[in-house]
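Below is one structure; the comments refer to it alone.
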Amino acid sequence: MNIILLGPPGAGKGTQARKLVDEHGMVQLSTGDMLRDARNSGTKMGRVVADVMDRGALVTDEIVIGLIAERLEREPESVVFIFDGFPRTLAQADALGDLLDRMGRTLGVVIEIAVDDEALVARISGRFTCEGCGEVYHDTIKPPVKDGICEECGSTEFSRRADDNEESLRVRLLAYYKQTSPLIGYYHAKHLLKSVDGMADMDTVSAEISRILAEA
Ligand code: AP5
């Protein structure tokens with residue numbers, strides 16, 4: 001049963017997706033990570049998306065749907081996907097539905113992680129990521145147990161995202177409310193939507209998601 005994690009920037013989609021990978025053996029498909037890989041690869045497409053991402057705007061549906069389609073076609077039928085940050089527009093949601101239908105795959109549940117705007121600003125401005133394994137930390141909410149050393153892989157290299165600044169976050173939030181939040185109604189109408197309180201601590205959110213998956 002494939003699932004979508006839906007929520008504004010900093011809601012905890014990536015954090016929860018990684019927990020689902022560890023605990024349920026699912027495969028995380030993050031369009032944000034795919035696009036960051038593309039920009040780091042230095043391709044023409046990477047150069048096009050870099051500017052858009054840094055501003056906090058959405059990359060075109062055509063590019064994002066192409067990335068997802070290519071990835072879905074590569075994976076064996078048995079793989080169960082967590083879509084993290086995709087779909088983000090109604091056109092992307094329609095395209096995902098068509099892709100899954102064509103491949104004989106189903107969408108089991110769409111989980112909305114709801115978080116207040118003020119909390120999002122605090123989460124985004126304190127976030128940093130391990131360069132070795134991609135584990136996500138936070139200056140105050142989730143610092144590594146040993147200062148400067150990743151708990152997962154022992155790396156001492158960390159980075160902060162170029163779009164994790166106040167100006168970009170304002171654009172990202174606007175894009176969420178304008179282009180992505182209509183998906184809440186879209187999936188509600190398809191009887192696929194469940195909501196969790198993303199203001200709770202990470203383990204509580206994770207337990208709630210596991211409960212939803214067990215009942216789905
Ligand atoms: P993307 O990488 O998807 O970023 P985003 O949606 O803005 O979400 P984030 O990764 O910032 O947040 P998250 O919800 O994963 O939170 P996290 O778990 O890290 O997209 C980046 C850009 O790529 C977009 O702006 C766009 O340009 C482009 N893009 C991507 N997909 C696209 C698409 N489909 N179409 C078009 N363009 C696309 O948590 C955040 C912090 O909070 C962490 O420090 C974490 O430790 C902490 N935290 C997590 N959970 C909790 C909790 N419960 N309590 C307290 N702290 C918590």
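When a ligand or atom number is given, it counts from 1 through the structure's own listing order. Quantities reported herein were computed from a predicted structural model and do not represent experimental measurements.
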Next item on the list: Please tell me if the side chains of Phe86 and Leu67 come closer than 4.5 Å, counting only heavy atoms from C-beta onward.
Entry: no
Margin query: Quick one: does any side-chain atom of Asn2 pair with a main-chain N or O of Phe81 as donor and acceptor, under 3.5 Å?
Written below: yes
Item checked: Whether Ser168 side chain and Asp54 backbone form a donor-acceptor pair below 3.5 Å -> yes
Notebook entry, point to check: Of the protein's non-hydrogen atoms, which lies at the shortest distance from atom 9 (P) of ligand 1, and what is that distance?
Noted result: Arg127 NH1, 3.3 Å
Notebook entry, point to check: N/O to N/O below 3.5 Å, does that happen between Gly7 and ligand 1?
Noted result: no
Checklist line | Short side-chain to backbone donor-acceptor contact, Arg105 and Val79, under 3.5 Å | finding: yes
Margin query: Below a 4.0 angstrom heavy-atom separation, can you tell me which part of Tyr137, side chain or backbone, both or neither, approaches ligand 1?
Written below: backbone
Notebook entry, point to check: For atom 25 (O) of ligand 1, which protein heavy atom lies nearest, and how many Å away is it?
Noted result: Arg172 CG, 3.8 Å
Checklist line | atom 10 (O) of ligand 1 - nearest protein heavy atom and its distance | finding: Arg161 NH1, 2.9 Å
Item checked: Steps toward salt bridge (charged side-chain N to carboxylate O under 4.0 Å, His left out) verdict (Asp164, Arg172) -> CA-CA 10 Å; Asp164 277 354; Arg172 284 158 69 193; 3.0 Å; yes
Check: With a 4.0 Å cut-off, would you call Arg160 and Asp139 a salt bridge?
Finding: yes
Check: Is the closest basic N to carboxylate O distance between Lys142 and Asp201 below 4.0 Å?
Finding: no
Note to self: I'd like the name of whichever of Ala17, Ser30, Ala57 reaches closest to atom 27 (O) of ligand 1 through any heavy atom.
What the structure shows: Ala57
Check: Gly10 to ligand 1: N or O pair under 3.5 Å?
Finding: yes
Checklist line | Heavy-atom side-chain proximity of Arg55 to Glu167 below 4.5 angstrom | finding: no
Item checked: Option whose closest heavy atom lies nearest to atom 3 (O) of ligand 1, chosen from Arg88, Arg18, Met53 -> Arg88
Margin query: Within the 4.0 Å heavy-atom shell around Gln92, which atoms of ligand 1 are there?
Written below: 33 (C), 34 (N), 35 (N), 36 (C)
Check: Just distances here: any N/O of Phe86 and N/O of ligand 1 closer than 3.5 Å?
Finding: no
Item checked: Subset of ligand 1 atoms that lie under 4.0 Å from at least one heavy atom of Gly198 -> 53 (N)
Next item on the list: Can you figure out which of Leu35, Thr31, Thr204 has its heavy atom closest to atom 29 (N) of ligand 1?
Entry: Leu35
Margin query: For residues Ile111 and Met199: do they belong to one hydrophobic cluster (side chain heavy atoms under 4.5 Å, members Ile, Leu, Val, Met, Phe, Trp, Tyr)?
Written below: yes
Notebook entry, point to check: Which is it for Ala200 and ligand 1 at heavy atoms under 4.0 Å: side chain, backbone, both or neither?
Noted result: backbone
Check: Looking only at non-hydrogen atoms, which of Asp164, Val136, Ile141 approaches atom 56 (N) of ligand 1 most closely?
Finding: Ile141
Notebook entry, point to check: Looking at Gly85, which atoms of ligand 1 are within less than 4.0 Å of one of its heavy atoms?
Noted result: 31 (N), 32 (C), 33 (C), 34 (N)
Next item on the list: Specify side chain, backbone, both or neither for Val59, according to which of its non-hydrogen atoms lie closer than 4.0 Å to ligand 1.
Entry: both
Margin query: If the cut-off is 4.0 Å to any non-hydrogen atom of Ile124, which atoms of ligand 1 fall inside it?
Written below: 11 (O)
Notebook entry, point to check: Could an N or O of ligand 1 be found under 3.5 Å from any N or O of Lys142, whether backbone or side chain?
Noted result: no
Checklist line | Side chain, backbone, both or neither: Ala175 near ligand 1, heavy atoms under 4.0 Å | finding: neither
Next item on the list: Out of Asp201, Thr15, Ile63, indicate the one that has the non-hydrogen atom closest to atom 45 (C) of ligand 1.
Entry: Thr15
Check: Got a sec: does the NE2 of His188 have more than 12 other heavy atoms crowding it under 6.0 Å?
Finding: no
Item checked: Residue and atom name of the nearest protein heavy atom (relative to atom 15 (O) of ligand 1), distance in Å to one decimal -> Gly14 N, 2.8 Å
Notebook entry, point to check: Do Lys19 and Met202 come within less than 4.5 Å of each other through their side chains, counting heavy atoms only?
Noted result: yes
Next item on the list: Among all protein heavy atoms, pick the one closest to atom 2 (O) of ligand 1 and tell me residue, atom and distance.
Entry: Arg36 NH2, 2.9 Å
Checklist line | For atom 13 (P) of ligand 1, closest protein heavy-atom neighbour | finding: Lys13 N, 3.6 Å
Next item on the list: Give me the ring orientation class for Phe158 and Phe128: parallel if the planes are under 30° apart, tilted from 30 to 60°, perpendicular past 60°.
Entry: perpendicular
Checklist line | Side chain Thr106, main chain Gly108, donor-acceptor under 3.5 Å | finding: no
Note to self: Give me the nearest non-hydrogen protein atom to atom 46 (O) of ligand 1 as residue plus atom name, then the distance to 0.1 Å.
What the structure shows: Met202 CE, 3.5 Å
Check: When you measure from atom 54 (N) of ligand 1 to every protein heavy atom, which one gives the shortest distance, and what is it?
Finding: Arg123 NH2, 3.2 Å
Check: Do Leu120 and Asp117 come close enough that some side-chain heavy atom pair is under 4.5 Å?
Finding: yes
Item checked: Within one Ile-Leu-Val-Met-Phe-Trp-Tyr cluster: Val205 and Tyr137, side-chain cutoff 4.5 Å -> no
